[in-house]
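Per chain, numbering begins at 1; letters A, B, ... match sequence-line order. For clarity, every value in this text was computed on a predicted model and none was experimentally measured.
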Amino acid sequence: MMTRYVGWCMWLWVSFLGWAVNAKTTEFVVFPSVHELKNEASTAYQQYPVLTVRGAINREAIAPLFQAYQEKYPNVVIHYAESNTRHLYEQFLTQPESRPDIMLSPAMDLQFKLANDGYALAYDSPELANVPSDSYWRNELFGFTYEPIVTAINSDILAGETLPQSREQLLNLIRSKNHLLDDKIGLFDIQQSGLGYLAWAYDGQQSRSYGRLLEAFGTHQARLYTDTSSMLNALLKGQIFIAYNLVGAYSYRWSEQYDWIRTIMPTDYTSIIMRTAFIPRDAQQPVLAKRFIDFLLSPTGQHILANQSGITPISLNAVGPYSREALRKLPHGIFRPIPLGLELLIQTDDAKKHIIYHEWDSAMLSAEPSLSVTP
Amino acid sequence: MTKATTSIRRQLIFMVATVLILINAVALWSTHIYANRAAKESYDRLLYGSALQMAENITLLDSKVFIDLPVSAFETLALSTSDRAFYAIMNGQYQVLTGYKDLPNIPFPQLLLQSKEKEKFQPIYYEADYRHERVRFVALGKRLFEADNVNDVFIIVGQTLGARDVAAAEMSQMVLQFVTLFFFITLLLLLFVIWRVLQPLQAIKQAITERSPQELSPLEANVPSEIAPLLKSINYFMAQLDTTLSRLKRFTAEAAHQIRTPLAGLNSQAQNALDETDETLRQKQLQHILESSDVLSNTVNQLLNRATLTHRFQSHPFSPVSLDQLTKETCRELVVWALQQDVEMEYVGEVQATINGDEFALKQMLQNIIENAIKYSPKGGVVEVELMADSKKPAASWVLQIRDQGVGVPDQDKEHIFEYFYRSPDNFTSGTGIGLSIAKEVAEHHNARFHLKDNQPNGLIVEVIFPQHSEALL
């Protein structure tokens with residue numbers, strides 16, 4: 001009798017917890033299971049396993065993948081929360097109780113730091129055979145995309161001048177347009193966006209034009225954004241004319257829609273980032289999470305990325321309008337993939353960050369106070 | 001119940017395999033240790049290299065520690081592609097300036113000691129468990145100068161052990177493969193060598209099996225010097241066997257003859273006696289029959305004696321026998337018979353001699369020799385029996401001499417006199433020709449030497465020399 005009573009109490013408590021978590025996670029977008037969609041009446045009260053995903057990927061881009069996954073596992077409900085890369089990282093560390101089953105982020109350094117620090121679950125996915133050997137680290141962190149960091153330009157500013165192809169030409173353009181570009185250059189706020197910091201810090205390692213770019217951005221009071229969408233929106237509306245260091249996938253999609261937005265992969269060198277995924281060690285649904293990783297890296301998953309999501313997949317075998325093959329046909333510089341390895345630890349080093357922030361701040365604050373936009 | 005046979009081949013193979021396995025095990029074990037150490041050292045060097053690169057980029061700027069870690073330090077660590085790495089830069093007040101804040105087991109006392117002694121900093125290696133895994137750390141100090149300002153910082157870099165374990169395992173694996181190959185090649189070579197070395201033995205066996213049982217000529221085989229003595233022994237044994245066999249053959253033939261002839265004589269003499277009408281002649285013939293049957297029974301007795309002795313030699317253990325008593329007793333028994341032949345007997349000697357031996361056999365020997373001496377003595381002759389002690393020779397001995405004054409034995413006959421049924425061509429005395437042979441066999445069975453010498457002015461001396469302490473007879 002006693003045990004049954006305790007059992008009831010436990011059940012109540014667990015139900016309450018479930019409710020509490022649900023209440024707390026209103027940020028989640030729910031992808032109901034295929035079963036629920038088909039015959040909601042008969043299964044309304046049935047409990048479905050929930051795969052919780054947190055990521056810094058547009059919901060539109062990732063949704064096809066979720067749907068295909070649910071086609072394969074029809075009873076799985078997916079909860080997806082989208083946020084900025086740095087926020088994602090900090091939330092993971094500060095709220096261990098709300099850790100998801102899958103973490104997706106293009107901020108390779110932050111993802112790597114979590115994996116290196118032992119937060120990731122080891123999983124020998126059989127699908128690793130489909131992807132290049134440098135696209136995953138140990139059996140914990142899995143790169144699944146191959147995306148160039150690009151510059152987008154509103155061609156209205158050109159006024160007859162040729163489209164700049166390299167960073168050097170971009171600097172020339174800024175110099176020639178001078179005050180026309182004051183407050184018209186958009187950048188990631190490196191202190192807010194993990195991806196922005198990664199791309200910027202990697203620039204610092206790669207090129208000598210880094211210093212002059214920073215100086216140019218500073219003198220023209222560049223606007224700072226925390227995510228790609230708002231930056232692209234500003235570009236579309238003419239609030240800015242140049243957006244530096246964007247993720248290629250989104251920018252190319254906007255270029256297709258609006259022909260005055262031109263996307264270039266700088267021809268001096270083109271940084272390549274990988275979006276990475278890992279399963280947290282304390283995932284609630286490790287089995288579902290492992291299936292998701294398998295699906296993500298499988299030819300099917302990669303094919304969906306290359307076709308429906310508009311994100312270049314990591315696999316060389318995937319074909320589609322956004323495949324690596326298609327990417328290579330566009331004008332580009334030397335592809336410099338950011339290595340997925342211990343080199344990334346330097347990006348997370350506090351002292352280094354201090355130096356870069358300091359340089360950044362002193363450049364940005366050298367001119368008049370910037371009109372930062374933080375949507 | 002046959003004793004389990006031991007095989008040289010099996011023993012050799014077993015020993016060779018044992019030695020090989022031992023050697024290989026030691027080789028494997030030591031390479032395992034070596035591989036671990038080599039992997040440890042090379043990866044420690046990488047770790048140290050990384051720490052040095054970090055140290056290089058730490059400076060004092062306006063009396064503040066300025067850290068600008070180079071990517072190369074992390075690229076060095078990234079050479080172990082699947083290992084985690086951790087680092088921290090700390091000041092002398094245990095404050096983490098950058099990097100991981102909770103690294104375990106930092107050897108501060110040693111670092112501070114190095115710092116205090118103002119000497120060159122030496123890297124300190126240690127291992128600790130950190131974030132679910134075993135991690136190897138290096139701690140390195142760096143002295144920073146700016147004007148009068150001196151400040152020490154400590155760099156700690158750690159990495160998990162995956163790569164070094166893999167490297168060590170790979171090295172061990174390679175050695176294991178090599179050693180296995182080496183083991184089998186050596187084993188095969190040694191098996192071949194063993195087969196090759198034992199080949200001559202096989203050849204001898206083959207040669208012996210292929211022979212007919214009658215063939216006893218020496219084996220002809222080309223064998224190594226180590227096997228040659230064996231072959232020599234076999235050949236010697238076969239020669240011995242050959243001699244023994246032929247002697248036996250001769251003996252059998254001779255014995256048959258010796259028994260058949262008197263029998264035939266007896267037969268015809270008896271026939272004659274039956275036909276004889278003259279009483280005196282018949283008396284004489286019957287007398288002859290009696291004499292012949294005496295000789296025959298003597299021969300048969302001797303043959304039976306010999307058979308008994310041969311049996312005793314194999315079955316009877318030795319016991320202490322008083323040689324002087326036995327000799328005197330034999331003399332006493334024969335003295336009557338001697339006097340009947342008109343021969344005097346004389347026992348000379350006062351020693352008391354005890355040897356280990358077979359009393360019955362020894363008595364047979366004495367009887368045979370003395371009877372022989374009496375038989376060949378002229379009428380009125382003297383047979384002297386003497387027992388002496390001889391301590392001059394390397395080994396002390398008892399010397400028994402039986403001397404007669406007969407015709408003696410010519411030198412060319414001395415070597416044949418011991419052959420069975422041998423009788424000197426000009427010997428007309430009745431005798432069986434077995435007595436001395438038996439005597440000699442008994443002597444030799446007791447490890448004694450048997451000599452024939454000439455007596456002065458004429459006659460024969462039979463000398464039997466017994467060793468005094470003959471352990472060989474025990």
Side-chain angles (χ1 to χ4, degrees), chain A residues 93 96 108-109 111-124 128 132-143 198 200-207 210 271 278 280-282 336-359, chain B residues 43 46-47 49-51 53-55 57-59 61-62 64-91 95-104 129-135 153 155-163 166:
Chain A
L93 287 178
M108 296 164 74
D109 51 346
Q111 293 274 91
F112 182 84
K113 178 92 161 79
L114 292 176
N116 187 55
D117 292 1
Y119 291 111
L121 184 77
Y123 174 49
D124 278 312
L128 287 178
S133 61
D134 57 1
S135 74
Y136 52 91
W137 184 73
R138 292 170 66 110
N139 45 8
E140 297 177 359
L141 189 59
F142 310 99
L198 173 67
W200 182 249
Y202 194 63
D203 274 347
Q205 287 172 26
Q206 296 300 313
S207 97
Y210 162 82
S271 308
F278 73 87
R281 213 178 252 271
D282 36 16
R336 288 264 169 85
I338 298 178
L340 184 63
L342 285 168
E343 296 94 331
L344 288 170
L345 277 187
I346 183 77
Q347 323 287 20
T348 61
D349 181 64
D350 288 337
K352 191 75 175 182
K353 204 175 279 176
H354 232 82
I355 295 168
I356 290 176
Y357 281 179
H358 183 73
E359 283 172 351
Chain B
Y43 279 95
L46 282 183
L47 212 55
S50 172
Q53 290 174 56
M54 290 185 186
N57 289 274
I58 303 172
T59 45
L61 203 65
D62 303 329
K64 268 180 147 179
V65 179
F66 180 74
I67 304 168
D68 184 7
L69 297 182
V71 189
S72 58
F74 293 93
E75 282 168 344
T76 308
L77 293 174
L79 292 174
S80 336
T81 46
S82 57
D83 276 311
R84 305 179 198 281
F86 310 102
Y87 70 97
I89 315 288
M90 311 181 83
N91 63 14
Q95 284 168 326
V96 176
L97 301 174
T98 186
Y100 287 79
K101 308 243 184 306
D102 55 349
L103 293 185
D129 285 320
Y130 182 60
R131 295 190 182 248
H132 317 295
E133 265 185 80
R134 193 94 188 130
V135 182
V153 289
I155 299 112
I156 292 125
V157 185
Q159 194 157 31
T160 51
L161 308 176
V166 167

- With respect to chain B, which residue among Leu344(A), Asp134(A), Asn116(A) yields the maximal number of heavy-atom pairs within a distance under 4.5 Å?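 Looking at each of Leu344(A), Asp134(A), Asn116(A) in turn, Asn116(A) comes out on top.
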- Item | Best-contacting candidate, Asp349(A), Thr348(A), Asn139(A), against chain B by heavy atom pairs under 4.5 angstrom |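 The candidate making the most pairs under 4.5 Å is Asp349(A).
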- Item | Derivation of the side-chain hydrogen bond (donor to acceptor under 3.5 Å, both in side chains) call for Asp83(B) and Thr160(B) | CA-CA 5 Å; Asp83(B) 276 311; Thr160(B) 51; 2.6 Å; yes
- Answer with side chain, backbone, both or neither: which region of Thr76(B) has an atom nearer than 4.5 Å to a non-hydrogen atom of chain A?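 Neither part, no heavy atoms under 4.5 Å.
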- Task: Measure distances from Tyr87(B) to the heavy atoms of chain A and classify the residue's part below 4.5 Å as side chain, backbone, both or neither.
- Result: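 Side chain only.
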- Query: What closest approach, in Å, do Leu345(A) and Ala85(B) show between heavy atoms, and which atom pair accounts for it?
  - Reply: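 The answer is CD1-O, 3.6 Å.
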- Message: Please give me the minimum heavy-atom distance between Pro337(A) and Tyr202(A), naming the atom from each residue.
- Response: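 Taking Pro337(A) first and Tyr202(A) second, the nearest heavy atoms are O-OH, 3.5 Å.
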Part of [X] lying under 4.5 Å from any heavy atom of chain B:
X	answer
Glu343(A)	both
Ile355(A)	side chain
Gln347(A)	neither

- Task: Find the one option among Glu133(B), His132(B), Arg131(B), Arg84(B) whose heavy-atom pairs under 4.5 Å with chain A are most numerous.
- Result: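 Top count of heavy-atom pairs under 4.5 Å with chain A: Arg84(B).
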- Query: Is Lys353(A) paired with Asp109(A) through a side-chain N to carboxylate O contact shorter than 4.0 Å?
  - Reply: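 Not counted as a salt bridge, because no side-chain N and carboxylate O are separated by less than 4.0 Å.
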- Item | Qualifying residue, where the test is ring-ring contact (aromatic ring centres under 6.0 Å, His included) with Phe112(A) and the options are Trp137(A), Phe278(A), Phe142(A) |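 Of the listed residues Trp137(A), Phe278(A), Phe142(A), the ring-ring contact (aromatic ring centres under 6.0 Å, His included) partner of Phe112(A) is Trp137(A).
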- Query: In this structure, which one of Thr98(B), Val71(B), Asp68(B) forms a side chain to side chain contact (heavy atoms under 4.5 Å, CB included) with Lys352(A)?
  - Reply: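 Single side chain to side chain contact (heavy atoms under 4.5 Å, CB included) partner of Lys352(A) among Thr98(B), Val71(B), Asp68(B): Asp68(B).
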